Amino acid sequence: MRYLCLNGPNLNRLGKREPTIYGSETLLDIEAKLKNLAAQYNAEIECKQSNYEGQLIDWIYEAEDSGVNGIIFNPGAYTHTSVALRDAIAGVEVPVVEVHISNVHKREEFRHHSYLAPVCVGQITGLGTFGYQAALRMFLEAERGE
Ligand code: DQA
């Protein structure tokens, strides 16, 4: 089984960016934990980050075309703005889980709405960086039939 972890804008700055909200872990730390978890299930995970909306859209279609089994996606601020990303997710069969490190519902009103959540399997928000692992675990366990 092959999975993709996609991170959107500003998430390359994790560890340095607003640590009181997003914590001290870097994206590399998060990705290392995901790779470890995938390996425990004999699965693979590829991790990509971009600050560009179109690049994220291209990667979603590439994932679909190359037979990726699930996408863990933190779209960052595009969550709250991007009809284009929503259309991309709606247009593929590969299941996508939306992940946010912070609890978007506790924050500014503009973060409460997600264009993407209605076309995703589900949304994980506010569990810190563990949210990525929770999403991956969901895919891995579902595959095992647990
Ligand atoms: C975020 C929440 C978004 O509102 C914000 O724009 C981000 C990060 C999170 O992981 O908590 O960039 O997706």
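When reading the values below, keep in mind they use all heavy atoms of this one structure, side chains included, and skip hydrogens, waters and symmetry mates. Numbering of ligands and ligand atoms starts at 1, following listing order. Remember, predicted model here, so these are calculated numbers, not experimental data.
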Donor-acceptor pair, distance only, cut-off 3.5 Å: does the side chain of E46 make one with the backbone of L4?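 Not confirmed, E46 side chain does not pair with L4 backbone.
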
Atom pairs and distances, donor-acceptor, side-chain atoms in residues 28-39, under 3.5 Å, two or more places apart:
{"unit_1": "D29", "atom_1": "OD1", "unit_2": "T26", "atom_2": "OG1", "d": "3.4"}
{"unit_1": "D29", "atom_1": "OD2", "unit_2": "T26", "atom_2": "N", "d": "2.9"}
{"unit_1": "D29", "atom_1": "OD2", "unit_2": "T26", "atom_2": "OG1", "d": "3.2"}
{"unit_1": "K33", "atom_1": "NZ", "unit_2": "E25", "atom_2": "OE2", "d": "2.7"}

Count the heavy atoms belonging to other residues, nucleotides or ligands that lie under 6.0 Å from CD of Q40, then report whether that count exceeds 12.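 Yes, enclosed.
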
Residue pairs, two or more places apart or on separate chains, that pass side chain to side chain donor-acceptor pair (under 3.5 Å) and touch residues 78-100: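 Output for this query lists E53-S82, E98-H100, E98-S114, E98-Q123.
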
For E108, all residues meeting side chain to side chain donor-acceptor pair (under 3.5 Å), sequence neighbours excluded: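 Here the qualifying residues are R111.
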
Distance dump, ligand 1 polar atoms to protein, N/O, under 3.5 Å:
{"unit_1": "ligand 1", "atom_1": "4 (O)", "unit_2": "H80", "atom_2": "NE2", "d": "2.7"}
{"unit_1": "ligand 1", "atom_1": "4 (O)", "unit_2": "R111", "atom_2": "NH1", "d": "2.9"}
{"unit_1": "ligand 1", "atom_1": "6 (O)", "unit_2": "A77", "atom_2": "N", "d": "3.2"}
{"unit_1": "ligand 1", "atom_1": "6 (O)", "unit_2": "R111", "atom_2": "NH1", "d": "3.1"}
{"unit_1": "ligand 1", "atom_1": "10 (O)", "unit_2": "N74", "atom_2": "ND2", "d": "2.8"}
{"unit_1": "ligand 1", "atom_1": "10 (O)", "unit_2": "I101", "atom_2": "N", "d": "2.8"}
{"unit_1": "ligand 1", "atom_1": "11 (O)", "unit_2": "I101", "atom_2": "N", "d": "3.2"}
{"unit_1": "ligand 1", "atom_1": "11 (O)", "unit_2": "S102", "atom_2": "N", "d": "2.9"}
{"unit_1": "ligand 1", "atom_1": "11 (O)", "unit_2": "S102", "atom_2": "OG", "d": "2.6"}
{"unit_1": "ligand 1", "atom_1": "12 (O)", "unit_2": "R17", "atom_2": "NH1", "d": "3.2"}
{"unit_1": "ligand 1", "atom_1": "12 (O)", "unit_2": "R17", "atom_2": "NH2", "d": "3.0"}
{"unit_1": "ligand 1", "atom_1": "13 (O)", "unit_2": "N74", "atom_2": "OD1", "d": "2.8"}
{"unit_1": "ligand 1", "atom_1": "13 (O)", "unit_2": "H100", "atom_2": "ND1", "d": "2.8"}

Minimum heavy-atom distance N51-Q49, with the two atoms named: OD1-NE2, 2.9 Å

